[in-house]
Amino acid sequence: MDTFKLVNDLSFERIAGSKNEEKAITIITEYIQELKGTFEISEFSIPYSEIKEASLTINGVKYEATGFKRSGNINEELDLVLLDDIDMIDFVNVKNKACLIATNLNYKLYEELTKRQAKAIIDISGSLYDDLAITDLEEKSLRDRHLNYGQTPCFTIRAIDAEKIISSGATKVKLVLEQTETTLKSHNIISEIKGEIEDEIVCFTAHYDSVRFSKGAYDNATGSATILELYKYYLNNKPKRTLRFIWCGAEEMGLLGSKAYMEEHQNDPIRLCINVDMTAVNLGKDICCVTGDTNIVGYLDLLSKEVGFKLKARDGVYSSDSTPFADKGIPALSFARLSNGFGAKIHSNKDNGLFLSSKYFYATCDFIKIFADRMVNAVVFPINKHMPDKMKQEIDNYYGRNKK
């Protein structure tokens, strides 16, 4: 089996909870069955909002806009203010106003605007140089961490429209956002290969969902194919320790599949998580982010030199399905081949399968096999189940739990 073929087979929009998620599950499980493997499908709930209307009107001109899912409803004309950077927030009175932000709407800025009682937030998508005929206006959603600070209606407009609004000197905006909130079901696909040591489990994870408008070939059909290649390898090379392969749903919605898995399996004897998030890109570099002891970083550095594989290893928290494992005290690694700034793009219609190759796909697979073999088949498991205080703090920072 050419497991790289899965990348092409999964290259279609795969939003968690959608009909296309079901299609992706069928494709992945058919590969598992072809390899004579077995699997189970584990269901979990995900939040969902159906937006019925989202509009932004200034001086009688209606601009193209989308509303953030889970951000509530509004139908009101408001004073409009511009915030060009979070460091300037103390200079702007945002209370009861619509705030057009010419910067990144990160968690901290959302928290500050909500705390200061902004009535609405207007986010900017894309670039002034976008070709509007081929550029989608982003669709975004608030996550649980946002909602911990409160619910503020949020909109997204194009950069060129933001330029027009700012240059016009507009001071009023009519905003309409109407949506209903409910839940849908997403799914994890799990296949286990029993080893002679069943009380030490190594998990391999990759997410198979994509974002809106994206075929998700690079992010993360490549990762899904990578762990399929590892799965095929261990079906043919019986491991000493028990292995679990988990194709995670709803990663793009906030790691919801891996969170759901760990809530259900946190008492299982899992010793290590090896996550794969994007491989196979031509213009790029291989990295491994280790959420665990720094000696793992040192080992990866030595191993890469020994076998002649160019890898940059570091410690830290990687925003993918490794993190919920690390949050439960399990050492977790994320392997990726990251695109350079001028290379392949993700989270847009540009992630369409171009600029990927089987050459780099299999090179990354081969190195992960070498590393995994040393862990899976070791006489004594080489990595202690220990999470350093530094990593615990970084995980807390990632989840926004370090509030005083």
Side-chain angles (χ1 to χ4, degrees), residues 1-46 184-195 201-211 215-236 239 242-266 268 270 272-279 320-325 330 332 334-335 365 368 372:
M1 177 191 290
D2 178 8
T3 52
F4 186 64
K5 184 176 178 292
L6 179 61
V7 175
N8 182 66
D9 290 349
L10 283 180
S11 289
F12 54 89
E13 184 184 273
R14 309 178 301 278
I15 306 294
S18 69
K19 288 291 184 183
N20 275 357
E21 181 191 280
E22 297 176 14
K23 179 181 175 182
I25 291 170
T26 298
I27 291 169
I28 293 168
T29 54
E30 284 177 349
Y31 272 86
I32 293 171
Q33 289 172 313
E34 185 179 342
L35 291 169
K36 310 301 182 187
T38 60
F39 63 89
E40 63 176 281
I41 297 173
S42 178
E43 182 180 275
F44 58 94
S45 294
I46 58 173
L184 296 176
K185 297 297 183 182
S186 185
H187 305 82
N188 293 324
I189 306 164
I190 305 154
S191 186
E192 184 171 273
I193 301 175
K194 291 285 188 185
I201 298 170
V202 175
C203 290
F204 295 85
T205 58
H207 74 91
Y208 67 90
D209 62 317
S210 76
V211 300
K215 290 185 177 181
Y218 180 32
D219 183 18
N220 187 35
T222 57
S224 295
T226 301
I227 69 167
L228 179 69
E229 172 65 20
L230 295 165
Y231 179 70
K232 181 183 78 169
Y233 172 75
Y234 281 111
L235 283 174
N236 293 313
T242 293
L243 309 181
R244 287 184 190 162
F245 294 81
I246 309 161
W247 287 266
C248 299
E251 188 261 11
E252 299 288 6
M253 298 181 70
L255 319 183
L256 299 186
S258 47
K259 285 180 180 177
Y261 183 84
M262 283 312 302
E263 285 302 317
E264 187 175 350
H265 295 275
Q266 59 185 299
D268 291 3
I270 302 170
L272 179 67
C273 171
I274 297 175
N275 180 62
V276 185
D277 187 44
M278 301 180 298
T279 65
S320 187
D321 290 309
S322 52
T323 299
F325 286 80
I330 298 165
S334 274
F335 286 92
C365 288
I368 298 174

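Since this is a predicted model, take the numbers as computed values, not measurements. Throughout, numbering of the chain's residues begins at 1 and tracks the sequence.
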Discussion item. Is the shortest side-chain heavy-atom distance between Thr205 and Tyr261 below 4.5 Å?
Written reply: no
Worksheet, complete the sentence: When rounded to the nearest 0.5 Å, the distance separating OG of Ser224 from CZ of Arg14 is 6.5 Å
Practice prompt. Go through Phe325 and His265 one step at a time and tell me if the side chain to side chain contact (heavy atoms under 4.5 Å, CB included) criterion holds.
Written response: CA-CA 10 Å; Phe325 286 80; His265 295 275; over 6 Å; no
Item to complete: Using atom types as modelled and distance alone, determine if a side-chain donor or acceptor of Lys259 lies under 3.5 Å from a backbone N or O of Gly254.
Response: yes
Worksheet item: Can you find a heavy atom in the side chain of Ile330 that is under 4.5 Å from one in the side chain of Gln266?
Response: no
Item to complete: Only counting residues at least two apart or in another chain, list the ones meeting ring pair (Phe, Tyr, Trp, His ring centres under 6.0 Å) with Tyr233.
Response: none
Worksheet, complete the sentence: Rounded to the nearest 0.5 angstrom, the CD-CG distance for Glu251 and Asn220 is 7.0 Å
Worksheet item: Between Ala225 and Val7, which heavy-atom pair has the shortest distance, and what is it?
Response: CB-CG2, 3.8 Å
Worksheet, complete the sentence: dist Tyr31:OH -> Asp9:CG (nearest 0.5 Å) comes out at 3.5 Å
Worksheet item: How many angstroms lie between OG in Ser258 and CZ in Phe44, if you round to the nearest 0.5 Å?
Response: 8.0 Å
Discussion item. Is any side-chain heavy atom of Val211 closer than 4.5 Å to one of Asp219?
Written reply: no
Worksheet item: Quick check: does any side chain N or O of Arg244 sit under 3.5 Å from a backbone N or O of Thr242, one acting as donor and the other as acceptor?
Response: no
Worksheet item: If you measure from OG1 on Thr26 to CD on Gln33, what distance do you get to the nearest 0.5 Å?
Response: 9.5 Å
Discussion item. Tell me if a side-chain donor or acceptor on Lys232 pairs with a main-chain N or O of Met1 at a distance below 3.5 Å.
Written reply: yes
Worksheet item: Do Glu229 and Ile368 touch side chain to side chain, with heavy atoms closer than 4.5 Å?
Response: no
Fill in: Contacts of Phe245 that satisfy ring pair (Phe, Tyr, Trp, His ring centres under 6.0 Å) - sequence neighbours left out
Phe204, Tyr231
Worksheet item: Less than 4.5 Å apart, any side-chain heavy atom of Ile15 and any of Asn20?
Response: no
Item to complete: Verify, without hydrogens or angle tests, whether Thr222 (side chain) and Asp277 (backbone) share a donor-acceptor contact under 3.5 angstrom.
Response: no
Discussion item. Between Asp209 and Ala16 (side chain of the first, backbone of the second, donor and acceptor by atom type, cut-off under 3.5 Å), is there such a pair?
Written reply: no
Practice prompt. Could you verify whether a donor N or O on one side chain and an acceptor N or O on the other, from Asn188 and Ser42, lie under 3.5 Å apart?
Written response: no
Worksheet item: To the nearest 0.5 Å, how far apart are CD1 in Ile189 and CD in Glu40?
Response: 11.0 Å
Worksheet item: Any idea which heavy atoms bring Cys365 and Leu230 closest together, and the distance?
Response: O-CD2, 4.1 Å
Worksheet item: Does Ala206 offer a backbone N or O that forms a donor-acceptor pair with the side chain of Asp321 under 3.5 Å?
Response: no
Worksheet item: Can you find a heavy atom in the side chain of Lys185 that is under 4.5 Å from one in the side chain of Ser45?
Response: yes
Discussion item. Between Ser186 and Leu256, is there a side-chain heavy-atom distance shorter than 4.5 Å?
Written reply: no
Worksheet item: Between Thr226 and Thr279, does any side-chain donor sit less than 3.5 Å from a side-chain acceptor?
Response: yes
Worksheet item: Considering only heavy atoms from C-beta outward, does the side chain of Tyr234 approach that of Val202 to under 4.5 Å?
Response: no
